[in-house]
Each structure stands twice: as structure tokens, then as C-alpha cells.
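Below is one structure, written out as C-alpha cells; the observations come after it.
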Amino acid sequence: MQKPNLPKGTRDFGPEQMRKRLFIFDTIRRTFQRFGFQPLETPSMENLTTLMGKYGDEGDQLLFKILNSGDFAASLSELDLATGSKKLTPKISEKGLRYDLTVPFARYVVMNRNALVMPFKRYQMQPVWRADRPQKGRYREFYQCDADVVGTDSLLCEAEIVLMIHEVFRNLGIQDFTLKINNRKILAGIAERIGIPGQEGTLSVAIDKLDKIGQDNVLIELRERGFSDDSIASLTPLFSFTQNNTTNVLTELKQWLHDSITAQQGIKELDETLRLVNQYGLIDSQVEVDPTLARGLSYYTGAIFEVKANAVNIGSVSGGGRYDNLTGAFGMPGLSGVGISFGVDRIYDVMEELNLFPTATGQGTQVLIIPFDAEARSVALPLLNQLRSAGITAETYPDLAKVKKMLDYANSKAIPFVVLIGSEEVQTGQLSVKNMLTGEQQKMSADSVIELIKK
RNA sequence: GUGAUUGUAGCUCAGUCGGUUAGAGCGUCGGAUUGUGGUUCCGAAGGUCGCGGGUUCGAGCCCCGUCUUUCACCCCA
């Protein structure tokens, strides 16, 4: 006999976990829908040609690849085997599991470009897979909840994302979060300013770690990556304004990066976005402008968002940004879009750690019918039907077991009411209803049972 | 991909220096109680000590490999 186990980095979700997870999904879905986003689902697997090259070299490595069906080795030669995995892979695998929801979305938009009404707003809540090593807040299979709008470059979309993020986290009960916002153009401007134009990618990777490793180590890393002492020295102003309020940060950025047209554009966009958010009347905005915020994904071109739950050390629980040319790789250039992704699994971990899940709210069975013998079923089964028709979650114990056993069952499932049916109840039609919390028991008609449980 | 770490009953964990038949709590099942739960009492079942190899008279304990868990790095939700 073999011991069953799960693939590394994957998990089962039992009833109790699912109740909590569904709470998160429902909360996010309600917000997405209220903002006018339409649901979309795409296949778990995509052609590797769709996925490869969209997430960088590292991303390509983290893709789960699917072995071709049938005799995948049929056309292989000794030579192929000798060339190593990199060249061998495309010969034996042409599909992979999706790595995020944005690229499949871009693929969908391109394939349906003529049918879609622009701007197109969609939301998507599905699992994604990454073949990296699991650790805290990191799984090989996890869910993302994405909302994107494509076909407009209006900053109103950025503003609405800011609003949605606030709404979702507040509805979840996560009050202590920070929405960090930056703009890729500002990062580009910084790169210009310190004399390394075009290298903002490398720069970003390092300064993104500021929170984690501190200023000194960031500078050390930049030096290791080949940045000159002059460049590093001129970076100093970047570290001085992280604590200020949004307007101050923007003003200081404007001064520091005054000779970069790109940076000025990014600052203007950020400024405008925040102005729009303000017009919406967002109360107690938790937005923080953070010029050191970078994010890894290479396709962002404008705004960048990231949400951190302040009380928990788990990385970001949500992230997104604007991309100007995501569909370009699929032959449809010039389509701008902006999106946000919520990481359900990390949000779950945060809420669990902070004890933020609401206590069970009428999710489970409300009443258990307990027939003492086969005869009692002639009353129990119609009653079940009646209760369910009235919208009450009701069940009976399928075996004719001892009463003790059935009451134990009710207890362990936290069922608040039981209806006991024996020969006496069959004869009189008056049912014995027991409140499992108080122990109180009384006789009443079926209609009264419904009334009692419904309130 | 790099570096650590974990694994003993369904669950949480003890297990001494390598030494007889591997323990506890919780849970499960049965009984005290054949129409009434939670509390209590009694009893029982449940183990290839992750897996494979090695050292030894003897391995849960030491060594090697492997899988798994957790964590950090890289990178990321």
C-alpha cells in the first residue's frame, strides 16, 4: 500500500478553509463586479509559445511544462539528448501551466479583438502555477484575482484601482495596509539622472529591496552590479523622502528629476491619479508614493501598485500596474491597459495570522433531523423537504444509529437545532425540537419549526 | 537554482549514552446509558519510527542517499 501525498507546494482546502477562502473570493468578486468588470476564464494550460519570453529568463524557468501526449520521445535522437534540457524541452513539450492571469488575458484580447467592446474590463479569479521552492507566503499553486481594463490610457482607471484596493481590504477587515504607488517613468528618470539611462530595470531590482536589506546593502548590491561610484553617490536623494506625505514626495521628485522629461511625465501621471482619487472622495486614503517601489514584472510602463499588510511579514498581498504594449507580443501593438492582482493565498495567511475572519455565519447546517427508527422516516423525510423548500439548510443522519451518535454528529458539526422524531412524534405530529446550545427542548408543529429556525 | 531545516499513532508531541515488548495528551471506536449530546468514568483499536542502503552483537537514535516539511537567498502574489 502506498502512502498518498501531495505534490510539493500544493494544498487541499478542507471545509473550514474553504469557508474562509470563499469569503475572500466573494468579497473581491463583489467589488470587481460593482466597478463594472466582466468575468473571464481561460484554460489552465497555454501553448508555451504564448507563455515563454513574457516573464524574463527567470520566469521561463519557473514555468511548469507539460510533456507532450503520446510518444513524446518518438522523434528524439541521441544528439537531441546530448544537447541538454534547454534545447530538448521544446521538442518534448509544447504546453505549460499558466504563470499569471495577465498574459492569458492579453492572448484572449488579441484573439477576440474584433468582438470586444473597448475599453474592455474583465476580472478573472483562477489558480496559477510557478515551479519555485515553497516558503512562507509562497506556493506552487495559488490563486490570483485580477481586474484589468484595456483599450484606454485614462488615468481614471488607475484611480479606480486605488479605490477598489481600498474597498477590498476594508471589506475583508484588513485595515492596516499600505498601498504603495510609483511610476515606471520615474524609475527611468532616476536612471537618467544618475547617468545610466535605460538601466532602470537593474536599478529597480536592487532598490526594491530597500525595505528588506536597508540602504547600505542596496548600495553594495548596486556596486556589485557594476554601477559607478558617481552614479551611486547621485542616488542619495532617493533615500531621503520615503517618510513624507504624497504631495511632498512628488514636489521633491519634481525638483530632483527636473531635467528628465520622462520622469516629469511619470510624476504628472501620478499627481493626476491622486487628484482623481481625491475627487472620488476616498476617505482616509492609505496611498503612499514610494519612488523605490519597483516590482519585477518587466511589462509595466506607467503606474505600479503594491499592497503590503503592515502587521504581517509576508511580502505583497496585491500588485499591479499599467502596461502599454502587452498585446504587442501577439501582434497587436499600441493597446494600453492597467490592472491589479489580489493574491488570495497571502491574504488568507494574513487574515489567519491576525485573526480577521468573521466567525461562522450561518454557513453550515441549521437543523439535523433525527429519526429514531425506520418508521420515523415517514415523518422525517417530508419534513426535510419542507424545511429545504423554506430555504433552511437541513439534513438527516443517513444511518439508523443510536440517538447519542446522532446528537454527537450535530455537536461536532455545530448544528444549532435538532428535530427528534420517535413513535410519539409520528403519532401526534408534534415534533420535539431541541436547541443544542441551551439544551432546551419543546414540542411544536412542523410550521412552527420553520418559524423558529428562520429567525 | 543556492544554503539550512524537519519527519515517531488520525492530530500535537515525548523517547536518556546506541540496549528488553516505542510512550503521553487529544481524537476515533465500544461500554456505563435500547428516546437525548456537551461533563465524567471504564475499556479497546491504532506504529514498516518518511523511504532505501550502510556501520554495529544490537539503530527511532550514528553515517550516506532520496523524498517530504519549514525557512532564507535569487525571484515573486
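Just so we're on the same page: letters track the sequence lines, and every chain starts at 1.
C51(B) and G58(B) are spaced 22 Å apart, taking the C1' atom of each and rounding to whole Å. When the P atom is compared between G31(B) and C17(B), the two are found 45 Å apart, to the nearest whole Å. Look at the P atom in both C61(B) and A22(B): the space between them is 14 Å, to the nearest Å. Taking atom P in both G18(B) and A77(B), the straight-line distance is 48 Å, to the nearest Å. Straight-line distance between the C1' atoms of A24(B) and U68(B): roughly 26 Å, to the nearest whole Å. Remark: the separation of the P atoms in C71(B) and G7(B) is 16 Å, to the nearest Å. A32(B) and U48(B) are spaced 37 Å apart, taking the C1' atom of each and rounding to whole Å. Atom C1' of U12(B) sits at a distance of 16 Å from the matching atom of U28(B), rounded to the whole Å.
In this structure, Thr10(A) and Phe142(A) both approach RNA chain B, and ranking their closest nucleotides by distance from the 5' end singles out Thr10(A). Taking for each of Asp132(A) and Asn313(A) the nucleotide of RNA chain B with the nearest heavy atom, the 5'-most of the two is the partner of Asn313(A).
Nucleotide G3(B) forms a Watson-Crick or G-U wobble pair with C71(B), both donor-acceptor distances falling under 3.5 Å. Nucleotide G23(B) forms a pair with C13(B), judged by Watson-Crick or G-U wobble geometry with both contacts under 3.5 Å.
Within the nucleic acid shown, Val205(A) comes within 4.0 Å of sugar-phosphate atoms alone, with no base atom in reach, counting heavy atoms only. Residue-level contact check: Gln61(A) touches neither bases nor backbone, having no heavy atom under 4.0 Å from any strand. Residue contacts for Gly56(A): at a heavy-atom cut-off of 4.0 Å it reaches no nucleic acid atom on any strand shown. Using a 4.0 Å heavy-atom criterion, one finds that Leu6(A) contacts no nucleic acid atom at all. Residue-level contact check: Gly59(A) touches neither bases nor backbone, having no heavy atom under 4.0 Å from any strand. Heavy atoms of Glu141(A) sit nowhere under 4.0 angstrom from any nucleic acid atom. Ser316(A) comes within contact range of the sugar-phosphate backbone alone, with a heavy-atom separation under 4.0 Å but no base atom that close. Within the nucleic acid shown, Gly315(A) has no heavy atom closer than 4.0 Å to any nucleic acid atom.
In this structure, the OH atom of Tyr139(A) is 12 Å from the P atom of U69(B), given to the nearest Å. Between the C1' atom of G38(B) and the CG atom of Leu368(A) lies a distance of 15 Å, rounded to the nearest Å. Rounded to a whole Å, the CE atom of Met125(A) is 15 Å from the C1' atom of A77(B). Here the P atom of nucleotide A77(B) and the CZ atom of Arg98(A) are 16 Å apart, to the nearest Å. The CD-P distance, from Glu375(A) to G35(B), rounds to 14 Å in whole Å. In this entry the distance linking CD of Gln135(A) with C1' of C75(B) reads 9 Å, nearest Å. Here G30(B) presents its P atom at 7 Å from NZ of Lys402(A), a figure rounded to the nearest Å. Atom NZ in Lys180(A) sits about 16 Å away from atom P in C76(B), given to the nearest Å.
Checking G37(B), G30(B), G35(B) against the side-chain heavy atoms of Ser432(A) singles out G35(B) as nearest. Relative to the side chain of Asp408(A), the nucleotides G38(B), A77(B), G35(B) differ in distance, and G38(B) lies closest. For Ser423(A), the listed nucleotide lying nearest its side chain is G35(B); candidates were G37(B), U2(B), G35(B).
Residue Lys404(A) has no polar side-chain atom (N or O) positioned under 4.0 Å from OP1 or OP2 of G30(B). Contact between the side-chain N/O atoms of Lys434(A) and the OP1/OP2 oxygens of G35(B) is not found at any separation under 4.0 Å. At the phosphate of A77(B), neither OP1 nor OP2 sits under 4.0 Å from any side-chain N or O atom of Gln144(A). Considering only side-chain N and O atoms, Lys212(A) lies under 4.0 angstrom from the phosphate OP1 or OP2 of C73(B). At U68(B), one or more side-chain N or O atoms of Lys8(A) fall inside 4.0 Å of OP1 or OP2 (strictly under the cut-off).
A donor-acceptor pair is defined here as one N or O able to donate and one able to accept, closer than 3.5 Å; no such pair exists between the side chain of Asp26(A) and the backbone of Arg29(A). In terms of modelled atom types and a separation under 3.5 Å, the side chain of Thr327(A) and the main chain of Phe330(A) share no donor-acceptor contact. With hydrogens and angles disregarded, no donor-acceptor distance shorter than 3.5 Å links the side chain of Ser316(A) to the backbone of Lys308(A). Between the Lys454(A) side chain and the Ala390(A) main chain, a donor and an acceptor come within less than 3.5 Å of each other.
Taking a 6.0 Å sphere around CG of Asn313(A), one finds it holds 12 or fewer heavy atoms contributed by other residues, nucleotides or ligands.
Evaluation of atom-type donor-acceptor distances gives no pair under 3.5 Å for the side chain of Gln441(A) against the base of G35(B). Checked by distance alone, Arg138(A) brings no side-chain donor or acceptor within 3.5 Å of a matching partner on the base of C71(B).
The aromatic ring of Phe342(A) is not stacked on the base of A77(B), since the criterion of ring centres less than 5.5 Å apart with planes inclined by under 30° is not met.
Counting all heavy atoms, side chain and backbone alike, Gln124(A) lies closest to Leu40(A) at CG-O, 3.1 Å.
Asn171(A) and Thr27(A) are not linked by any side-chain donor-acceptor pair at a separation below 3.5 angstrom, with hydrogens and angles left out of the test.
Classification of Glu269(A) and Lys185(A) as a salt-bridged pair holds, one side-chain N sitting under 4.0 Å from a carboxylate O.
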